[in-house]
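For the single chain, residues carry numbers from 1 onward in sequence order.
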Amino acid sequence: MIFAELALLPEGWVKQVRISVADGHITGVDKAAAPQPTDTRVSALLPALSNLHSHTFQRAMAGMTEHRIAGRDSFWTWRDLMYRFMDRLTPEQMEAIAALVFMEMQETGFAAVGEFHYVHHQTGGGTYANIAELSNRIFAAASLTGIGLTHLPVLYSYGGVGQQPLSTGQLRFGNTVDSFAALLEAARAAALALPADTRVGIAPHSLRATCPADLARVLPLAAGNPIHIHVAEQPKEVADVTAWLGARPVEWLLANTPIGADWCPIHATHMTGQETAALAKSGAVAGLCPITEANLGDGPFNGPEWLAANGAFGIGSDSNVRISLTEELRTLEYSQRLRDIARNVMVPAEGSVGQFLYVGAARGGAQALGRNAGQIAVGTLADLTAIDLSHPSLCALHPDHILDGLAFAAPDTVVTDLWSAGRHQVKQGRHIHREQIIAGWRTAVKGLIDAV
């Protein structure tokens, strides 16, 4: 049982709430309750967010790509270094890096993650004896940390638009639809050993890394699970796809696929107003990764038009250059302010920006990962975050302003506890396996970065 002095329920902030949890789900929400001696007592309880987009291995690159080279740096120059770095990683290193990333996510308030997993093979493209070897490494990291996992194996068949051959740096990603189907089957079989809230969806990487015929064949393999895809991240990508298919990426997807509520278009950055409204009305969740999108120079999302069309959204940490739930939220809002020369942009009418961002990201992220979560209610997964209202950044605030303080002023250290589907993984601000995970990380990355 969890007793919260204050809890954010669907109807708003409620005092003295006692939460019952069984089999990973919330089974009771008692208001105006009294704490019992065996309860876990917290200051304020929130529905935890789901991190809807992550490439865990890129966490080990953080700080390596901020040195300017001759000419103009861009996403594409960053990608070249990422390929060189990725080509050295062993399965053991990938597992240790993923464990650290998942732990850091939980300590900042994320209860679940969508792992957009596209490194499948050995250096040079040879397959492992178990085609799902590297998916199994992600599963091992998820098991150790207890994070809720929606695993998203990626179909990556081509090196660029028009079915260009894979380059050397992409060989570890490559699959045909048939080999991808075999990999997916193996991953789903292995995932049965994980907790019941685990999902395995699919992720056609992007239109530039697949083709219309392959996309049509792979979509049925989702089998009711989430479908994630990169779209419209870079102007060059939009121009290349338009020249190839005769339509912009989002425009083409809307016209040629059954895109809907089980889809999550990632980095839907460069859209027209018409595309923005149509994609929002499809029910798909916009997957926004504001820190990475700023780090890579992608450009800002079209927030006001998305909200005007009642679009759903969630946040992810993508490259994991910085893992911070609060910073993702504030960077999303600040990107809109800088573009529009305005304040308090990411709210459709009047009201708290912080609360709209947090509640919207909680619900949208859960939808994108196929999790019955995103709110504190009976029957939902017990994905819960506790924060310390005595922290200096929050202690003077009225409840109506708590989420503004969390989104715009508080550090991640205000998180005291976190439950992933009822698994109490963070206590007193620290993951229960923190020392073991950090020791594994240090062993894994020793000497790796200097060799790139």
Checklist entry - Between the side chain of Glu133 and the main-chain N/O of Pro91, is any donor-acceptor distance below 3.5 Å? => result no
Item to check | Aromatic ring proximity, centroids under 6.0 angstrom, His230 and Phe116 | outcome: yes
Checklist entry - Is the shortest distance from a Lys or Arg side-chain nitrogen in Arg423 or Asp197 to a carboxylate oxygen in the other one below 4.0 Å? => result yes
Checklist entry - Does any N or O in the side chain of Ser420 come within less than 3.5 Å of the main-chain N or O of Ala111, such that one atom is a donor and the other an acceptor? => result yes
Item to check | Polar side-chain atom of Glu95 near backbone of Ala140 as donor-acceptor pair, under 3.5 Å | outcome: no
Item to check | Minimum heavy-atom distance Ile229-Ser206, with the two atoms named | outcome: CG1-CA, 3.8 Å
Item to check | Among Ile437, Val113, Thr56, side-chain contact (heavy atoms from CB on, under 4.5 Å) partner for Val101 | outcome: Thr56
Checklist entry - Of all heavy-atom pairs between Ala286 and Leu52, which one has the smallest distance, and what is that distance? => result O-CD2, 4.4 Å
Next on the checklist: Quiz question: by atom type and distance under 3.5 Å, do the side chains of Tyr156 and Gln170 form a donor-acceptor pair?
Outcome noted: yes
Checklist entry - Cut-off 3.5 Å, side chains only: do Glu293 and Thr269 have a donor facing an acceptor? => result no
Item to check | Donor-acceptor contact present, side-chain Gln336 to main-chain Glu333, <3.5 Å | outcome: no
Item to check | Student check: side-chain heavy atoms of Asp383 and Arg371 closer than 4.5 Å | outcome: yes
Checklist entry - Could you walk me through whether Asn320 and Ser317 pass the side chain to side chain contact (heavy atoms under 4.5 Å, CB included) check? => result CA-CA 5 Å; Asn320 297 300; Ser317 56; 2.6 Å; yes
Checklist entry - Within 45 degrees of the axis of the six-membered ring of Phe408 and under 6.0 Å from its centre: does Arg337 put its NZ or CZ there? => result yes
Checklist entry - For Asp318 and His267, does a side-chain donor sit closer than 3.5 Å to a side-chain acceptor? => result yes
Checklist entry - What distance separates Ile291 CD1 from Leu288 CG, expressed to the nearest 0.5 Å? => result 12.5 Å
Next on the checklist: Give me the atom names and distance for the closest heavy-atom approach of Leu207 to Trp244.
Outcome noted: O-CZ3, 3.4 Å
Item to check | CG-CD distance between Asp412 and Glu104, expressed to the nearest 0.5 angstrom | outcome: 10.0 Å
Next on the checklist: Looking at Thr198 and Pro195, would you say the former's side chain and the latter's main chain have a donor-acceptor pair under 3.5 Å?
Outcome noted: yes
Checklist entry - Looking at CD1 of Ile266 and CD of Glu233, how far apart are the two atoms once the value is rounded to the nearest 0.5 Å? => result 10.0 Å
Checklist entry - How far does CG of Leu155 sit from CG of Leu183, to the nearest 0.5 angstrom? => result 10.0 Å
Next on the checklist: Tell me whether the count of non-hydrogen atoms from other residues, nucleotides or ligands lying under 6.0 Å of CD in Gln274 goes above 12.
Outcome noted: no
Checklist entry - Would the His120 and Phe173 ring centres measure less than 6.0 Å apart? => result no
Item to check | Side chains of Pro47 and Leu384 in contact at under 4.5 Å (non-hydrogen atoms) | outcome: no
Item to check | Test log, rule ring pair (Phe, Tyr, Trp, His ring centres under 6.0 Å), inputs His53 and His228 | outcome: CA-CA 9 Å; His53 188 67; His228 290 216; 7.3 Å; no
Next on the checklist: Before we go on, tell me: are the rings of His121 and Tyr128 under 6.0 Å apart, centre to centre?
Outcome noted: no
Item to check | Contact summary for Ala284 and Pro265, nearest pair of heavy atoms | outcome: CB-CD, 3.8 Å
Next on the checklist: Looking at Val200, is its backbone amide N or carbonyl O close enough to the side chain of Arg188 to form a donor-acceptor pair, meaning the two atoms are under 3.5 Å apart?
Outcome noted: yes
Checklist entry - How close do Gly109 and Thr385 get, heavy atom to heavy atom, and via which atoms? => result O-OG1, 3.1 Å
Checklist entry - For Val321 and Gln58, what are the C-alpha separation, side-chain angles and deciding distance, and is it a side chain to side chain contact (heavy atoms under 4.5 Å, CB included)? => result CA-CA 7 Å; Val321 65; Gln58 292 176 12; over 6 Å; no
Next on the checklist: With heavy-atom distances below 4.5 Å as the criterion, would you say the side chains of Arg199 and His151 are in contact?
Outcome noted: no
Item to check | Thr210-Ser157 side chain donor-acceptor pair, cut-off 3.5 Å | outcome: no
Checklist entry - Within a strict 4.5 Å, meaning less than it, do heavy atoms of the Ser135 and His117 side chains meet? => result yes
Checklist entry - So Asn225 and Leu152, side chain to side chain contact (heavy atoms under 4.5 Å, CB included) or not? Walk me through it. => result CA-CA 10 Å; Asn225 291 290; Leu152 298 160; over 6 Å; no
Checklist entry - Atom CD1 in Ile147, atom CE in Met103: separation rounded to 0.5 Å? => result 11.0 Å
Item to check | Shortest non-hydrogen separation from Leu406 to Thr326 and the atoms involved | outcome: O-CG2, 3.3 Å
Checklist entry - Can you tell me if His424 uses its side chain to pair, donor with acceptor, with the backbone of Val426 under 3.5 Å? => result yes
Checklist entry - Should the pair Arg59 and Trp441 be classed as cation-pi, given the thresholds of under 6.0 Å to the six-membered ring centre and 45° from the axis? => result yes
Checklist entry - Less than 4.0 Å between a side-chain N and a carboxylate O, is that true for Asp240 and Arg208? => result no
Item to check | Sidechain-backbone polar pair: Arg172 side chain, Gly125 backbone, donor-acceptor under 3.5 Å | outcome: no
Checklist entry - Is there a donor-acceptor contact under 3.5 Å linking the side chains of Asn372 and Thr380? => result no
Checklist entry - When rounded to the nearest 0.5 angstrom, what is the spacing between CG in Leu46 and CG in Leu403? => result 6.0 Å
Next on the checklist: Is it the case that the side chain of Asn130 and the backbone of Ala132 share a donor-acceptor pair, with hydrogens and angles ignored and the cut-off at 3.5 Å?
Outcome noted: yes
Next on the checklist: If we ignore hydrogens and angles and just use 3.5 Å, is the side chain of Asp214 paired with the main-chain N or O of Cys211 as donor and acceptor?
Outcome noted: no
Item to check | Side-chain H-bond candidate by donor/acceptor type, Thr150 with Glu115, under 3.5 Å | outcome: no
Checklist entry - When the aromatic ring centroids of Trp306 and Phe301 are compared, is their separation below 6.0 Å? => result yes
Next on the checklist: Whether the Tyr158 and Gln164 side chains hold a donor-acceptor pair (N or O, under 3.5 Å, no angle test) is what I'd like checked.
Outcome noted: no
Checklist entry - Can Asp404 and Gln355 be counted as having a side-chain donor-acceptor contact under 3.5 angstrom? => result no
